[in-house]
Amino acid sequence: MATTRNGAVRSPSTPTLPQSRQGMQPPAPPAQSGNKPDDYVYFARSTSNFSDEVLPRAKGAQMKLEHYYKIAVDSAIERNTRRVELERRLQVDTTTSDERKQRQLQQLGKKESTFLRLRRTKLGLDDFRTVKVIGKGAFGEVRLVQKTDTSKIYAMKMLRKDEMLKKDQLAHVRAERDVLAESASEWIVQLYYSFQDPTNLYLIMEYLPGGDLMTMLIKYDTFSEDVTRFYMAECVLAIEAVHQLGFIHRDIKPDNILIDKDGHIKLSDFGLSTGFHKQHDSNYYQRLLESANNAGQQGVPTQASRNSVMVNSINLTMTNEQIQTWKANRRKLAYSTVGTPDYIAPEIFQQRGYGKECDWWSLGAIAFECLVGYPPFCSESTHETYQKIMQWKHFLAFPDDVHLSRQAEDFVRRLITSADQRMSIQQIKAHPFFYGVDWATIRVIDAPFVPHLKSITDTSYFPTDQLDQVPEEFETPEPGGTAQKDLAFLGYTFKRFSLSSHAF
Ligand SMILES: Nc1ncnc2c1ncn2[C@@H]1O[C@H](COP(=O)(O)OP(=O)(O)OP(=O)(O)O)[C@@H](O)[C@H]1O
């Protein structure tokens, strides 16, 4: 393929495959109409003499090679697009001098060379130093780290490969990397690199020093309607950005709403998000149900029993004491592999299919919590929470001692409702609760709470004292790695091209 010195592809139209890739095409498929019979003989003979061991290995090698060339071709196309885009912008720009335009083109060329060099360097754990463990999730932990050569600060999420394989989380971990890698949205946490070693997968993301909404709710208990309006409005735009990328988040909860240095929010944790067209992987919910049912000592509910769970056995409201216990255990629940179903829409449990509306239910549950102090279906066990969600009509109740405006209550009620009645994005933005919100500028106005940071490595908004048991030294990766593990995580590695200087 013809490339310029800075690596951009010359032809803006359909790029041709590299020679080596053209020569790598797999043998012709079995004879179909028009194929010579000899093609099929060749195909059949080509694998028949190989042992059972060799074929999977060859298949693995073929997948790796194909992946390698796909990445090479895709990034050449991306380089080309960036060049063509800049040239087009400069052509119509009448205010910039020719000399300056030339400089901009040269700058892009330099960035591309740096990026190509970066792509060739293999990143590993040795390139980062831990400053502090700042978070924990179901399958790993999150650390504040510093890249040793540039001294730049990042958040590093580590996920254990064997745990992911054991718990069938492959689709989830891949979804997370895909959403973060595809997005350049200001509402979604930026992913700069992802890499792997035989033991772990690593996501190197921008560090959001303000902590998360769960930590804020633990500290403040409730927010005023004005403060709730601000966070909910930002969440609406963030969820809309996820949907525009073609993903459903499915796991929106306060611990996944992060606060940046100016007090604005970004969404993280795309472990459960799924492309609209991908089949839903229901294992996670199945496990949630099983554990919930074990706790409640009942069998996994059938469709019929799901619809007729004993309402009378569950209290409609929680006592103050029960609410305090729930709050005290909240962080522990966030760290467990079971997770909390508190914010999950009922249609997800029903396994009859669902769409992006499920994320708006979660928003309703979070809004309720911000205003009332605990989520609407909060219970002493996940089993009870699940039952309450399935019978939300019966269990959705606003406590008498909490005084809300009509608009706030209506906003929550029109999200915590059946999927076909739930507000759409347009209806949400036009709801009276958001009266006065300027959707175009909300991210640049002053946030109600701005973190006071002493330095770029300030971790005071994270519960670091509660994470002390997590070792700060990295575990040394196991030597080697099974072929199965290798292939399972093929394509996980990612490096972001950025016109800003942060990624380098
Ligand atoms: N980019 C980031 N910057 C700052 N803190 C972060 C960042 N990413 C995650 N955290 C912190 O780490 C916590 C756990 O992160 P995250 O929810 O992504 O982990 P997880 O293992 O996927 O969790 P889950 O159990 O929800 O699947 C967050 O609640 C947050 O406090």
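Quantities reported herein were computed from a predicted structural model and do not represent experimental measurements. For reference, positions follow the sequence shown, starting with 1.
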### K152 and F128, any side-chain heavy atoms less than 4.5 Å apart
no
### Query
Which pair of heavy atoms, one from W326 and one from S379, lies closest together, and at what distance?
CD1-O, 3.7 Å
### Sidechain-backbone polar pair: T464 side chain, S460 backbone, donor-acceptor under 3.5 Å
no
### Query
For residues E225 and S405, is any side-chain donor paired with an opposing acceptor at under 3.5 Å?
yes
### Query
Is the shortest side-chain N to carboxylate O distance from D226 to R229 below 4.0 Å?
yes
### Query
Less than 4.5 Å apart, any side-chain heavy atom of I259 and any of Y231?
yes
### Message
Please determine whether side chain to side chain contact (heavy atoms under 4.5 Å, CB included) holds for the pair E240 and H243, giving the CA-CA distance in whole Å, both sets of side-chain angles, and the decisive distance to 0.1 Å.
### Response
CA-CA 5 Å; E240 187 185 23; H243 292 174; 5.7 Å; no
## Note on the structure
Heavy atoms of P254 and E369 approach each other most closely as CG-OE1, 3.8 Å
### Query
More than 12 heavy atoms of other residues, nucleotides or ligands under 6.0 Å from CG of D438: is that the case?
yes
### Message
Which heavy atom of L453 sits nearest to which heavy atom of P209, and what is that distance?
### Response
CD1-CG, 3.6 Å
### Task
List the steps and the verdict of side chain to side chain contact (heavy atoms under 4.5 Å, CB included) for S194 and L201.
CA-CA 7 Å; S194 62; L201 299 173; over 6 Å; no
### Message
Does the plane of the ring in Y220 sit parallel, tilted or perpendicular to the ring in F449? Use 30° and 60° as the thresholds.
### Response
perpendicular
### Query
Centres of the F368 and F398 rings: under 6.0 Å?
yes
### Message
Donor-acceptor pair, distance only, cut-off 3.5 Å: does the side chain of H264 make one with the backbone of I445?
### Response
yes
### Query
Roughly how far apart are H394 NE2 and K388 NZ, rounded to 0.5 Å?
10.0 Å
### Task
Go through M156 and Y207 one step at a time and tell me if the side chain to side chain contact (heavy atoms under 4.5 Å, CB included) criterion holds.
CA-CA 8 Å; M156 178 171 83; Y207 170 53; over 6 Å; no
### Under 3.5 Å donor-acceptor, D410 side chain and R406 backbone
no
### Task
Supply the atom-to-atom distance I366 CD1 to I257 CD1, rounded to the nearest 0.5 angstrom.
4.0 Å
### Query
Under 3.5 Å, side chain of T319 to main-chain N/O of Q322, donor-acceptor pair present?
yes
### Message
Would you call the rings of F434 and F411 parallel, tilted or perpendicular, taking 30° and 60° as the class edges?
### Response
perpendicular
### Task
Kindly say whether S151 contributes a backbone atom to a donor-acceptor pair with the side chain of Q146 at under 3.5 angstrom?
yes
### Query
Which atom pair, heavy atoms only, marks the closest approach of F230 to G263?
CE2-O, 3.9 Å
### Query
Taking all non-hydrogen atoms of both residues, which atom of I442 and which atom of A233 are closest, and how far apart?
CD1-CB, 3.6 Å
## Note on the structure
In this structure, CG of L371 is separated from CG of L404 (nearest 0.5 Å) by 5.5 Å
### E234 CD to L213 CG distance, which is reported to the nearest 0.5 Å
11.0 Å
### Query
Checking D359 side chain against H249 main chain: does a donor-acceptor pair fall under 3.5 Å?
yes
### Message
In terms of relative ring orientation, are Y154 and Y192 parallel, tilted or perpendicular, with 30° and 60° separating the classes?
### Response
perpendicular
#### Entry: Side chain proximity check, K253 to M214, heavy atoms < 4.5 angstrom
no
### Query
Should the pair D260-R443 be classified as a salt bridge under the 4.0 Å nitrogen-to-oxygen rule?
yes
### Query
Backbone N or O of Y343 within a donor-acceptor pair of the S362 side chain at under 3.5 Å?
yes
### Query
Can you find a heavy atom in the side chain of M390 that is under 4.5 Å from one in the side chain of F349?
yes
### Query
So, do R160 and T199 sit near enough that their side-chain heavy atoms are less than 4.5 Å apart?
yes
### Query
Within a strict 4.5 Å, meaning less than it, do heavy atoms of the K266 and W187 side chains meet?
no
### Query
Have E384 and S381 got a donor and an acceptor in their side chains that come within less than 3.5 Å?
no
### Side-chain donor-acceptor pair present, T215, D212, cut-off under 3.5 Å
yes
#### Entry: Residue pair T325 / E380, side-chain heavy-atom distance below 4.5 Å
no
### Query
How far apart are the closest heavy atoms of I134 and P463, and which atoms are they?
O-CD, 4.1 Å
### Query
Do T148 side-chain atoms and D127 backbone N/O form a donor-acceptor pair below 3.5 Å?
yes
### Message
Test side chain to side chain contact (heavy atoms under 4.5 Å, CB included) on Y193 and K147; report intermediate values, then the result.
### Response
CA-CA 11 Å; Y193 318 103; K147 192 156 182 281; 3.8 Å; yes
### Query
Only one of I252, I248, L267 forms a side-chain contact (heavy atoms from CB on, under 4.5 Å) with V242, so which one is it?
L267
### Approximate separation, where rounding is to 0.5 Å, of N320 CG and D401 CG
7.5 Å
### Message
For the NZ atom of K393 and the OG1 atom of T417, what is their distance to the nearest 0.5 Å?
### Response
7.5 Å
### Message
Check whether R143 reaches the backbone of K132 with its side chain - one donor and one acceptor, N or O, closer than 3.5 Å.
### Response
no
### Query
Is there a side-chain contact between Q387 and F395, using heavy atoms and a 4.5 Å cut-off?
no
### Query
With sequence neighbours excluded, what pairs up with D420 under the side chain to side chain donor-acceptor pair (under 3.5 Å) test?
S418
## Note on the structure
The single option from W361, F377, Y386 that satisfies side-chain contact (heavy atoms from CB on, under 4.5 Å) with P346 is W361
### Query
Backbone N or O of D251 within a donor-acceptor pair of the N256 side chain at under 3.5 Å?
yes
